[in-house]
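Throughout, residue positions are numbered sequentially from 1 according to the sequence presented.
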Amino acid sequence: MHFPLLFLLREFVTFAALFLHAPIGWIALRIVTIGLCCVELSGKNNGVLTFTIAAIGLRIVTIPNYMTSTIERMIRRLRDELPNPPTTGTLYSLSPQARRTLNDKVWNQYQIQQFADNIMKFLGLPFGAPVLISDDGQAPGRNISLDGARPVIIVSRVHQYTLKHCFGIIVHECTHSYLHHHRLSYQDRHDNEVFTDVAACYLGLGHFLLTAYNPILYYSNEQGTTITHSLTLGYVAPKVLLREIVLSAEVRNWKHRELFNSFLQPGHRIKARILILIRQASQRQLAS
């Protein structure tokens, strides 16, 4: 059966099931996905029309051209300079039991260390990375080396962080170790941090960053007035991360089903589907 038709059938069923209970945002996401599938199936793959539908329903807007070209250049460098395949697997997935703990604010040291060890093994690194939890309020994550080789990851615990934020920090720091091991870096510190996030996506770990880098909203009461605060992690915005993941999937030939199943939040799966449909439509239009 045609790829978009499968999605269309699935989205109709899901939309019907969620209609009475889902928030408006969820309903809008489903409507947009169904609309894009219909456009795809109609054969009228007008890139402007497809993009407009997505932008209105999801507020997915084009990221700046310079950012897209930067991502593509970094992914090409990773493809050309890393081993093939670059990891021991394609996409790293959490067990259903581990996924249920992602919003926990109580951190289990054993679970955190096990996660870090598994990531290092997935990356094919010949050493582990002890994880230390700190309350010193410094940078969210640090990667230091006590003996010149083996890294030690320090995660600063902030009250608003849950386990998913801890995992995102660990993935970023493990990726630093991976790039250092393969002698890949940029001289500029900010460029190197962005490169690390792009590399995490290319290596099959981007879904952890995507979940961790969503803005964290929390509230305080000051003199009877409720104040909304926002806290963010990472060097790349979530919508850019999503683009990095989709581009990496193309370069590494990941199966769509495997890619979608790796996402930790349903909304990310839907947005990834839409981005893929948009890219497929634009590529066909360029080829015609």
Side-chain angles (χ1 to χ4, degrees), residues 74 77-78 81-83 85-95 97-99 101-158 161-186 189-213 233-236 241 244-245 248 252 262 264:
M74 289 180 172
R77 183 183 178 192
L78 292 164
E81 299 186 32
L82 286 177
T87 63
T88 59
T90 51
L91 289 141
Y92 185 89
S93 296
L94 281 181
S95 67
Q97 181 181 3
R99 291 186 182 220
T101 66
L102 287 175
N103 290 317
D104 288 357
K105 286 195 173 184
V106 177
W107 294 4
N108 182 304
Q109 177 68 45
Y110 173 78
Q111 182 184 10
I112 290 170
Q113 185 60 61
Q114 187 180 48
F115 176 78
D117 291 343
N118 289 340
I119 292 297
M120 297 296 270
K121 290 178 183 176
F122 173 79
L123 294 174
L125 295 174
F127 45 80
V131 178
L132 303 178
I133 306 300
S134 170
D135 294 310
D136 60 10
Q138 295 191 33
R142 286 164 284 162
N143 190 320
I144 63 174
S145 178
L146 300 179
D147 57 7
R150 182 173 177 172
V152 175
I153 296 173
I154 302 176
V155 179
S156 293
R157 177 164 35 201
V158 175
Y161 289 172
T162 61
L163 198 58
K164 66 186 176 188
H165 302 109
C166 178
F167 281 1
I169 292 169
I170 289 172
V171 162
H172 179 87
E173 299 305 331
C174 286
T175 307
H176 266 308
S177 296
Y178 177 91
L179 293 174
H180 179 74
H181 180 72
H182 290 283
R183 302 182 183 280
L184 285 175
S185 64
Y186 282 82
R189 181 180 179 275
H190 182 266
D191 287 347
N192 198 55
E193 295 293 348
V194 171
F195 183 53
T196 302
D197 282 346
V198 173
C201 296
Y202 179 79
L203 296 170
L205 300 167
H207 44 290
F208 291 104
L209 302 186
L210 190 59
T211 303
Y213 288 6
L233 283 172
Y235 296 85
V236 178
L241 274 175
E244 292 171 8
I245 293 171
S248 297
R252 295 199 57 194
S262 72
L264 302 173

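- Rounded to the nearest 0.5 angstrom, Arg252 CZ and Thr87 OG1 are separated by 4.5 Å.
- Across all their heavy atoms, Met120 and Pro151 have their closest contact at CE-CG, 4.0 Å.
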task = Could you walk me through whether Val155 and Tyr161 pass side chain to side chain contact (heavy atoms under 4.5 Å, CB included), step by step?
result = CA-CA 11 Å; Val155 179; Tyr161 289 172; 5.6 Å; no
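- For the residue pair Asp117 and Gln113, a side-chain donor N or O sits within less than 3.5 Å of a side-chain acceptor on the partner.
- The minimum heavy-atom distance linking Leu203 with Thr175 is given by the pair CD1-CG2, 4.2 Å.
- Considering CG of Leu210 and CD1 of Ile245, their distance stands at 5.0 Å, rounded to 0.5 Å.
- For the atom pair NE2 (His190) and CG (Asn192), the distance works out to 11.0 Å, reported to the nearest 0.5 Å.
- Among all heavy-atom pairs drawn from Arg77 and Ser185, the shortest one is NH1-O, 3.1 Å.
- Closest non-hydrogen pair, Tyr213 versus Gly234, comes out as CZ-CA, 3.3 Å.
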message = Evaluate Phe115 against Val171 for side chain to side chain contact (heavy atoms under 4.5 Å, CB included), listing each step before the verdict.
response = CA-CA 9 Å; Phe115 176 78; Val171 162; 3.8 Å; yes
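- Atom CD1 of Ile119 is separated from atom CZ of Phe167 by 8.5 Å, given to the nearest 0.5 angstrom.
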request  = Give the intermediate values and the outcome of side chain to side chain contact (heavy atoms under 4.5 Å, CB included) for residues Val236 and Thr196.
outcome  = CA-CA 10 Å; Val236 178; Thr196 302; over 6 Å; no
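- One finds the CG atom of Leu209 at 5.0 Å from the CG atom of Asp197 (value rounded to the nearest 0.5 Å).
- Smallest separation of non-hydrogen atoms from Met74 and Asp191: CE-O, 3.8 Å.
- Looking at Leu78 and Phe195, their side chains come closer than 4.5 Å, going by heavy atoms from C-beta outward.
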message = Could you go through Val194 and Tyr186, starting from their C-alpha distance and side-chain angles, then the distance that decides it, and tell me whether this counts as side chain to side chain contact (heavy atoms under 4.5 Å, CB included)?
response = CA-CA 10 Å; Val194 171; Tyr186 282 82; over 6 Å; no
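- In this structure, the side chain of Asn108 engages the main chain of Tyr110 through a donor-acceptor pair within 3.5 Å.
- Panel note: side chain Ser95, backbone Ala98; a donor-acceptor pair is recorded below 3.5 Å.
- Side chains of Ser177 and His180: a donor-acceptor N/O pair is absent below 3.5 angstrom, by distance only.
- For the side-chain contact (heavy atoms from CB on, under 4.5 Å) criterion with Cys174, the lone passing option out of Leu179, Leu205, Leu123 is Leu123.
- Distance check: Leu125 CG to Thr88 OG1 gives 9.5 Å after rounding to the nearest 0.5 Å.
- Not one N or O on the side chain of Thr211 forms a donor-acceptor pair closer than 3.5 Å with the backbone of Phe208.
- Here the closest heavy-atom approach between residue Lys164 and residue Ala212 is recorded as O-CB, 3.5 Å.
- For an aromatic pair to be called close, the ring centres must be under 6.0 Å apart, and His176 with His172 satisfies this.
- Residue Gln109 qualifies as enclosed at atom CD: its count of foreign heavy atoms under 6.0 Å is above 12.
- Contact of the Trp107 side chain with the His165 side chain is not registered, since no non-hydrogen atoms from C-beta on lie closer than 4.5 Å.
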